[in-house]
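Quick note on labels: first sequence line is chain A, next is B, and so on, each numbered from 1.
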Amino acid sequence: MIRRRAARAAAEAARALPADPDAAVLLHDVHRGYTDGDGVVSALAGVSLRVPTGAFLAVMGPSGSGKSTLLNCASGMDVPTSGTVRIGGADVGALAEPERTLFRRDRVGFVFQAYNLLPALTAEENITLPLRLAGRAPDREWLGSLVERVGIADRLRHRPAELSGGQQQRVAIVRALAARPAVVFADEPTGALDAAGAARILGLLREVVDELGQTVVMVTHDPKAAARAHATAVMADGRIDGVLHSPAPADLAAHLASLEQARA
Amino acid sequence: MPDPFRIDTSPEPAPAPAPAGGGVLDALLTAVLWAVAAAGVAGNVVCSAIGAHPLIGACFGAPALIAIIALTVRAVRRRRR
């Protein structure tokens with residue numbers, strides 16, 4: 001019943017939002033509440049955000065500010081309590097669960113901190129697995145250009161355990177891009193890497209944005225990582241506190257420190 | 001220059017026409033099913049009360065049963081959505 005009400009509210013909100021063909025992701029007045037023992041906790045409290053096609057957006061904020069919930073709602077992994085989420089013009093909140101799963105598989109790419117590669121499969125099999133599950137033939141030319149670009153062409157027959165962390169993340173990035181998704185969501189993609197590996201992955205993400213026109217939304221704790229994006233949305237208490245354009249890492253760190261201070 | 005990361009919520013210049021009456025048809029079908037179910041149940045009760053031939057009772061009962069099943073299926077499918 002609650003889900004039906006939420007879906008109806010999402011559909012009504014979607015009708016009120018004008019079409020925006022140049023936006024890869026649109027969130028309008030998104031709320032997400034969770035129930036715990038003490039009542040309802042508001043993880044997102046009216047988030048509105050537009051990610052233009054071909055943009056690289058970082059999302060930062062103190063722990064518990066709603067970054068992961070934003071990523072989950074924006075990617076269609078979770079459904080907002082109210083508000084509108086559009087990916088490539090499609091109203092994700094209005095999709096029923098099986099259709100939403102198929103939508104994510106076909107239109108959304110994910111890169112996780114822990115890579116999430118299947119250990120029993122080779123790098124190549126991991127990359128093509130989502131396509132094979134979708135019953136689609138891999139575009140060999142596209143995949144070939146991607147693996148050349150990220151520098152793992154000679155590692156395709158290796159299993160994840162035989163690859164370094166950076167190589168595994170590069171495999172995960174190719175897997176995310178293989179289906180030419182509308183947007184790639186990255187959750188702390190450099191969290192498990194050393195400084196050099198992180199710099200290479202961030203350079204790679206920026207490259208796929210600048211050269212392939214891919215849209216990337218990345219959650220990170222690292223101001224240096226966020227500084228590689230076109231803009232950084234800073235979250236606090238379930239809201240977007242501000243969107244900073246091409247900020248310096250020091251400015252981001254200072255902004256976050258001021259938020260932490262305000263909360264203390 | 002407007003911020004590309006902010007949503008412009010100003011109304012569209014030419015709003016699209018309202019979608020074709022899929023919702024109206026759906027509501028109409030639901031109303032018809034409820035009407036058939038109610039009439040069928042009432043007819044069946046009356047037939048039983050006056051001791052009419054069972055076949056006459058079945059003429060009311062069968063459509064009522066079908067309508068109730070259809071309403072249940074629709075409700076479950078809508079819930080899943």
### Query
For the residue pair B/Asp3 and A/Val243, what are the closest heavy atoms and their distance?
OD2-CB, 4.4 Å
### Query
Can you find a pair of side-chain heavy atoms, one from B/Arg6 and one from A/Ser48, that are under 4.5 Å apart?
no
### Query
Quick one: what part of A/Ala23 sits under 4.5 Å from any heavy atom of chain B, side chain, backbone, both or neither?
neither
### Summary
For A/Pro52 and B/Pro4, the nearest pair of non-hydrogen atoms, with its separation, is CG-O, 3.5 Å
### Query
Would you say A/Glu211 has more than 12 foreign heavy atoms packed within less than 6.0 Å of its CD?
yes
### Sub-6.0 Å ring centroid separation between B/Phe5 and A/His245
yes
### Other residues, nucleotides, ligands: >12 heavy atoms within 6.0 Å of A/Arg239 CZ
no
